[in-house]
Q: 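I am attaching a structure below and will ask some questions about it afterwards.
Treat the numbers as computed from the prediction; the structure is a model and nothing was measured. What's counted below: heavy atoms across the whole structure, side chains too, no hydrogens, waters or symmetry copies. Chain letters run A, B, ... following the sequence lines, proteins first and then strands; every chain starts at 1.
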2 protein chains.
Amino acid sequence: MATRTTPNGTSAARERLLATASELFYREGIHSVGVDRIVGEAGVTRATFYRHFPSKEDLVEAYLGVEDANIRAAFDAAESTGAEPRELVGLVIDGLADDVARHHTRGCPFINAAAEYPDADSGVRRAVASHREWFRSELEHVLEAADAPDPRLGAAELVLVRDAAMVGGYLDGWERVRPAFVASAHRAAGLPAPAAEPVVE
Amino acid sequence: MATRTTPNGTSAARERLLATASELFYREGIHSVGVDRIVGEAGVTRATFYRHFPSKEDLVEAYLGVEDANIRAAFDAAESTGAEPRELVGLVIDGLADDVARHHTRGCPFINAAAEYPDADSGVRRAVASHREWFRSELEHVLEAADAPDPRLGAAELVLVRDAAMVGGYLDGWERVRPAFVASAHRAAGLPAPAAEPVVE
DNA sequence: CACAAGATAGAACGATCGTTCTACTTCGAC
DNA sequence: GTCGAAGTAGAACGATCGTTCTATCTTGTG
């Protein structure tokens, strides 16, 4: 068969579509970005688009899949540093802060997507729900390993604080939100916070 | 002149349009709801719509104005109970929780709107920003009157926690979020929390 | 009553939405 | 070399987007 694929097995056109759409969906919203715009900026035609994705919604779900994979990779990286459990909690919190400050300055991709998809049974909302559940339980495991006082409640609070940081960072500016985030996150973890202000980067 | 107005001065058609649009915008998102749908459910024609609102965006801003007015009214009601300052903090936190549990089960109207309007200079985003600033300073005044340890930081944290509660209440379910919200909110205020929920620390 | 103005009605505008169509090219397997 | 499947190309589909049009009706004022 004739496959015009990249070394890792997926087509170059598909990768460009996904990268372009991810950027546009995040920066401008999903319903605001049409297929015309995506294929135009990806340097691809409509037919090519529909060869790779059955519909626009499949592309949206793939976009959320990319975001999900990125965050999982960040957790893996933090865990593979070999830091001991208590240290890892700090690494994770710093990593979340750094992510909001540098990459996710337009809010949370999942929260923003959910705002545009009211149907909880839709594929998009299901992707949002499963990502959030994974994220929460991952935090719970990290807190558990660190002997935090209440890993389950702590994880739930950390999710809340992270949600708030992304929203607040977008709407109010990260610099205004950072102090409240650092204080709240360490208190939510139930572990002693580092010295008052300095935030590791 | 021929004015078909209600006792309070605004036209009945305009009020129906605003009420219908507010409901639809909140429940289904803004870009997802077309003018056809709004005028249809409001029992009004397109021309009537454009007599009352120069464009759809003006209707969106009016919708945010309604939400803003509702929250201000809730604050006024809490303050007019004559509760003393420290008590008022508890009333406000309970009021916010009650609001998320009963009325705002689809997230925060302002956060959701901002997700669909990336341009920070747009009228919608300006309305969001000014509402948030009012909300934050209102909380700061309440905390200040109650002699909270750090009203400014406390208000910033309360905004964060409330944002998170609305997002979490929508995406994860209010019952799962409530314990974390109550604990975080009272700690953010810096005042003793009512011993009820399983509170850390 | 006559008149001007606000409110309503419903058709119609061009633009864009997501999607599908047919035609042409490029490759791997035989 | 031949065949067929995958990729590309660009026109075109009906539906809906936000908006504007002319015409009719209702109402307060002269």
Q: Specify the separation, in whole Å, of atom CG of L24(B) and atom P of dC17(D).
A: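 Going from L24(B) (CG) to dC17(D) (P), I get 12 Å.
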Q: Is there a side-chain contact between Y50(B) and the phosphate of dT20(D), meaning an N or O under 4.0 Å from OP1 or OP2?
A: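 Result: no.
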Q: Which whole-number value in Å describes the distance from D58(B) CG to dT19(D) C1'?
A: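 Distance, rounded to whole Å: 13 Å.
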Q: Pick the closest DNA chain D nucleotide for S55(B) and for R51(B) by heavy atoms, then say which residue is nearer the 5' end.
A: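 Counting from the 5' end, the first nearest nucleotide belongs to S55(B).
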Q: Select one nucleotide: of dG18(D), dT8(C), dT8(D), the one nearest the side-chain heavy atoms of V35(B).
A: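 Among dG18(D), dT8(C), dT8(D), the one nearest the side chain of V35(B) is dG18(D).
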Q: Using the closest heavy atom to pick a nucleotide of DNA chain C for each, name whichever of G43(B) or S32(A) lands nearer the 5' end.
A: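 With G43(B) and S32(A) compared, the 5'-side residue is G43(B).
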Q: Which part of the nucleic acid, if any, lies within contact of V39(A), taking any heavy atom under 4.0 Å across all strands shown: a base, the sugar-phosphate backbone alone, or nothing?
A: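 Counting heavy atoms under 4.0 Å across all strands, no contact is made by V39(A).
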Q: Please state how far atom CD in E57(B) lies from atom P in dG18(D), giving the value in whole angstrom units.
A: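 Distance check: E57(B) CD to dG18(D) P gives 12 Å.
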Q: Take the protein atom CZ of R37(A) and the nucleotide atom C1' of dA15(C), then report the distance between them rounded to whole Å.
A: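 In whole Å, dA15(C) C1' lies 16 Å from R37(A) CZ.
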Q: Taking ring pair (Phe, Tyr, Trp, His ring centres under 6.0 Å) as the cut-off, I'd like each qualifying pair that reaches into residues 88-112 of chain B, sequence neighbours left out, listed once.
A: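 Counting only pairs at least two positions apart or across chains, the ring pair (Phe, Tyr, Trp, His ring centres under 6.0 Å) contacts touching residues 88-112 of chain B are Y26(B)-H104(B), F110(B)-H131(B).
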Q: Looking only at non-hydrogen atoms, find the nearest pair between S122(A) and D119(A) and report the distance.
A: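 The answer is OG-O, 2.8 Å.
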Q: Considering only side-chain heavy atoms of K56(A), which listed nucleotide, dT19(C), dT19(D), dG10(C), is closest?
A: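 Of all the options, the side chain of K56(A) is nearest to dT19(C).
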Q: Expressed as a whole number of angstroms, how long is the span from F49(A):CZ to dC17(C):P?
A: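 After rounding, the reported distance stands at 12 Å.
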Q: Looking at every strand, decide which applies to H31(B) at a 4.0 Å heavy-atom threshold: base, sugar-phosphate, or nothing.
A: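 If one applies the 4.0 Å heavy-atom cut-off, H31(B) turns out to touch nothing in the nucleic acid.
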Q: Quickly work out the L17(A) CG to dT8(D) C1' distance and round it to whole Å.
A: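 Value for this atom pair: 12 Å.
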Q: Please say whether the positively charged group of R162(B), taken as NZ for Lys or CZ for Arg, lies over the ring of F135(B), i.e. under 6.0 angstrom from the six-membered ring centre and within 45 degrees of the axis.
A: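 Satisfied, under 6.0 Å and within 45°.
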Q: Could you check whether E28(B) pairs with R37(B) (Lys NZ or Arg NE/NH1/NH2 to Asp/Glu carboxylate O, under 4.0 Å)?
A: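 Looking at R37(B) together with E28(B), the answer is yes, because their closest N to O distance falls below 4.0 Å.
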